[in-house]
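Inspection log for the structure reproduced underneath, given as structure tokens.
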Amino acid sequence: MSDTPRLPGLRPAEADRVVEAALAVGAERGFPPPAVAVVDVAGEVIALRRADGGMPMTSRIAVAKARTALLALKPSGQIDLPAGIVDSIQHLYGGDFVPWAGGVLVTDGELVLGAAGASGAHALEDEEAVRTAVRQWQEGGSAG
């Protein structure tokens, strides 16, 4: 056991399970190949994978969608702000603010453990994949 403190949230193996589940959901439903990212409560990447055939840019977009959900404390697709405010927030966060569907919080009850994001399919399909994966993880047992 290490004396180094740990932030609350997902462990790497749990983040990997969310990523694998989201990739599987996308494949099962015939979505274009996505990238899926999971970030911790600090917005740092725990797990990231791009499916075979996925566009390289989708990796960064998946991370940005996850960070957006974390920053807003709600799914990235539920953010409705005027363009000027979105531009300002994107500037503040170095482009890591993408108010399009595809980023969701990972929670244990009301406790935020991190966020997951996907990119590569239609934004609503991205969100369907990560939302389903997070729900599967939550039903299988969560950790704080």
Side-chain angles (χ1 to χ4, degrees), residues 4 6-144:
T4 304
R6 183 176 92 76
L7 287 172
L10 297 168
R11 296 192 180 276
E14 294 171 312
D16 288 340
R17 283 198 305 270
V18 171
V19 167
E20 289 298 324
L23 291 171
V25 167
E28 289 166 5
R29 297 183 185 173
F31 299 163
V36 180
V38 175
V39 300
D40 64 16
V41 294
E44 297 302 324
V45 176
I46 303 172
L48 172 63
R49 179 161 310 149
R50 187 176 70 239
D52 287 342
M55 293 180 287
M57 69 179 168
T58 60
S59 297
R60 285 190 179 203
I61 296 169
V63 171
K65 286 181 178 182
R67 287 179 175 155
T68 299
L70 188 63
L71 290 168
L73 295 176
K74 62 182 175 181
S76 58
Q78 292 181 7
I79 298 168
D80 186 21
L81 296 170
I85 293 174
V86 169
D87 290 345
S88 296
I89 295 170
Q90 286 174 330
H91 178 75
L92 284 171
Y93 287 99
D96 272 350
F97 186 80
V98 179
W100 287 90
V104 299
L105 294 173
V106 178
T107 60
D108 183 2
E110 292 186 9
L111 179 65
V112 175
L113 304 175
S119 177
H122 183 280
L124 294 175
E125 294 170 337
D126 292 338
E127 184 156 328
E128 181 181 339
V130 290
R131 185 178 302 281
T132 301
V134 168
R135 186 173 47 249
Q136 288 173 358
W137 175 81
Q138 289 167 328
E139 291 169 355
S142 51

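Keep in mind it's a predicted model, so treat the numbers as computed, not measured.
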Exercise for the section: Could you tell me the separation between the CD1 atom of Ile46 and the CG atom of Leu48, rounded to the nearest 0.5 Å? Expected result: 11.5 Å

Completion exercise
When every non-hydrogen atom of Ala129 is compared with those of Gly26, the smallest separation belongs to CB-N, 4.4 Å

Exercise for the section: Provide the closest heavy-atom pair for Pro33 versus Asp52 in the form atom of the first, atom of the second, distance. Expected result: CB-O, 3.4 Å

Practice task
For residues Val36 and Ala118, report the shortest heavy-atom separation together with the two atoms involved.
Solution key: CG2-CB, 4.2 Å

Handout entry: Nearest non-hydrogen partners of Ala66 and Val39, listed with the distance
Key = CB-CG2, 4.0 Å

Problem - Polar side-chain atom of Ser76 near backbone of Ala69 as donor-acceptor pair, under 3.5 Å - result: no

Problem - Smallest separation among heavy atoms of Ala42 and Leu70, with atom names - result: C-CD2, 4.3 Å

Problem - All salt bridge (charged side-chain N to carboxylate O under 4.0 Å, His left out) counterparts of Arg131, not counting sequence neighbours - result: Glu127

Completion exercise
Between Val130 and Gly117 the two heavy atoms that sit nearest each other are CG1-C, 3.8 Å

Problem - Gap between atom CG of Leu10 and atom CG of Leu113 - 0.5 Å precision - result: 5.5 Å

Problem - Where at least one partner belongs to residues 80-101, residue pairs that pass salt bridge (Lys or Arg N to Asp or Glu O under 4.0 Å), sequence neighbours excluded - result: Arg67-Asp96

Practice task
Only counting residues at least two apart or in another chain, list the ones meeting side-chain contact (heavy atoms from CB on, under 4.5 Å) with Val41.
Solution key: Leu7

Exercise for the section: With rounding to the nearest 0.5 Å, note down the distance linking CZ in Phe97 to CG in Leu71. Expected result: 7.0 Å

Exercise for the section: Check side-chain contact (heavy atoms from CB on, under 4.5 Å) between Ser119 and all other residues, then give those that pass, not counting sequence neighbours. Expected result: Thr58, Ile61, Ala62, Lys65, Asp126

Exercise for the section: Enter the distance from Thr107:OG1 to Leu73:CG here, rounded to the nearest 0.5 Å. Expected result: 11.0 Å

Problem - Heavy-atom side-chain contact between Arg50 and Pro56 under 4.5 Å - result: yes

Problem - Contacts of Leu124 that satisfy side-chain contact (heavy atoms from CB on, under 4.5 Å) - sequence neighbours left out - result: Ala101, His122

Handout entry: Val98 backbone acceptor or donor facing Thr68 side chain under 3.5 Å
Key = yes

Practice task
Go through the structure and list residues passing side-chain hydrogen bond (donor to acceptor under 3.5 Å, both in side chains) with Arg29, not counting sequence neighbours.
Solution key: Glu128

Exercise for the section: Would you please name every residue forming a side-chain contact (heavy atoms from CB on, under 4.5 Å) with Pro32, sequence neighbours left out? Expected result: Ala121, Glu125

